[in-house]
Amino acid sequence: MAQIIVAEHAGFCFGVRRAINLAEEAVKDTHLDRKVLSMGPLIHNPQEVKRLEGKGLMLLEDESMLDENSTVIVRSHGIPPQKERELLSKGVRLVDATCPFVKAVHEAVIKLCKEGYFVVLVGEKNHPEVIGTLGYLQECGGKGVVVESKEDLKAVLGKEKVGVVAQTTQNEQFFKEVVGEIALWAREVKVINTICNATSERQEDVYELAPQVDVMVIVGGKNSGNTRRLYEISKSLNPNSYHIETPEELRREWFEGAQKIGLTAGASTPDWIIQAVVDRIKELII
Ligand code: F3S
């Protein structure tokens with residue numbers, strides 16, 4: 001029978017696993033008259049979101065839904081401190097599932113701001129994590145800019161003291177280029193590398209595994225950016241790469257004649273889906 005090799009870092013990262021556990025505890029602990037709501041989908045995986053909804057977790061669609069009987073789960077991306085105060089002023093109970101690696105970005109920004117640096121946050125302007133981090137910069141009375149492309153560096157020209165941090169899931173290569181460019185003209189540059197290694201670990205697994213297997217299966221939400229990126233890398237190394245969300249999407253013909261089958265999953269894919277995919281592949285290759 002063909003061998004199935006599951007990548008070392010397949011599936012949930014530390015921060016997502018923690019957020020799910022906190023949400024599950026909140027739903028379990030809560031009394032019948034309380035609502036437990038998450039600020040946006042807790043993770044980018046529709047099947048896991050549905051499972052949590054089945055346990056009572058609701059999506060906060062409109063803040064008029066909130067009252068003193070509400071428990072709000074802050075996602076791993078975090079929120080601006082101003083938003084946190086606003087929610088608390090409504091009398092809601094907050095469960096803070098902000099990933100500690102995201103909190104480290106907040107702390108880095110506050111430190112740079114207090115030391116008088118103009119802050120460059122390398123990241124995506126509309127990403128909830130970046131919006132949350134900018135709230136901390138604003139709170140501290142600091143100045144800064146989000147750099148999403150090299151074009152955005154225009155705002156940094158002429159600044160003497162520049163402090164650079166990154167969104168946790170930022171591409172390492174782009175971060176390096178931005179730092180290198182600023183170092184050419186700023187008088188002083190302080191860099192705090194806040195990239196979390198969960199993304200690069202998952203990508204490195206694919207670089208290693210995809211070329212040595214006959215078929216590569218990538219499991220994760222079609223709406224999950226980090227899963228799509230794993231698929232793109234895999235496809236560039238092995239044309240027999242497939243991105244699926246559920247075991248039902250697997251096709252017997254993909255595995256015909258295959259001796260080695262590789263499998264990985266994005267940081268928002270739960271273990272139970274990974275296991276169901278492994279079980280289904282075993283049925284198909286008998
Ligand atoms: Fe946290 Fe990194 Fe995951 S920042 S949520 S451990 S991708």
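These values consider heavy atoms only, across backbone and side chains, with no hydrogens, waters or symmetry-generated copies. Predicted, not measured: the structure shown is a model, and the values here were computed from it. Ligands are counted one by one from 1 in listed order, and the atoms in each one are counted from 1 as well.
Protein atoms that are N, O or S and lie under 2.8 Å from atom 2 (Fe) of ligand 1 are these: C196 SG.
Residues V119 and I182 are members of separate hydrophobic clusters, defined by side-chain heavy-atom contacts under 4.5 angstrom among Ile, Leu, Val, Met, Phe, Trp and Tyr.
E283 is linked by a salt bridge (charged side-chain N to carboxylate O under 4.0 Å, His left out) to R280, counting only residues two or more places apart in sequence or in another chain.
The SG atoms of C140 and C113 lie less than 2.5 Å from each other.
Using a cutoff of 4.0 Å between basic side-chain nitrogens and carboxylate oxygens, E53 and K50 are not scored as salt-bridged.
In summary, the side chains of E107 and Y136 do not present any donor paired with an acceptor at a separation below 3.5 Å, with no hydrogens or angles considered.
Across R34, R93, K90, K35, a single residue satisfies salt bridge (charged side-chain N to carboxylate O under 4.0 Å, His left out) together with D67, and that is K35.
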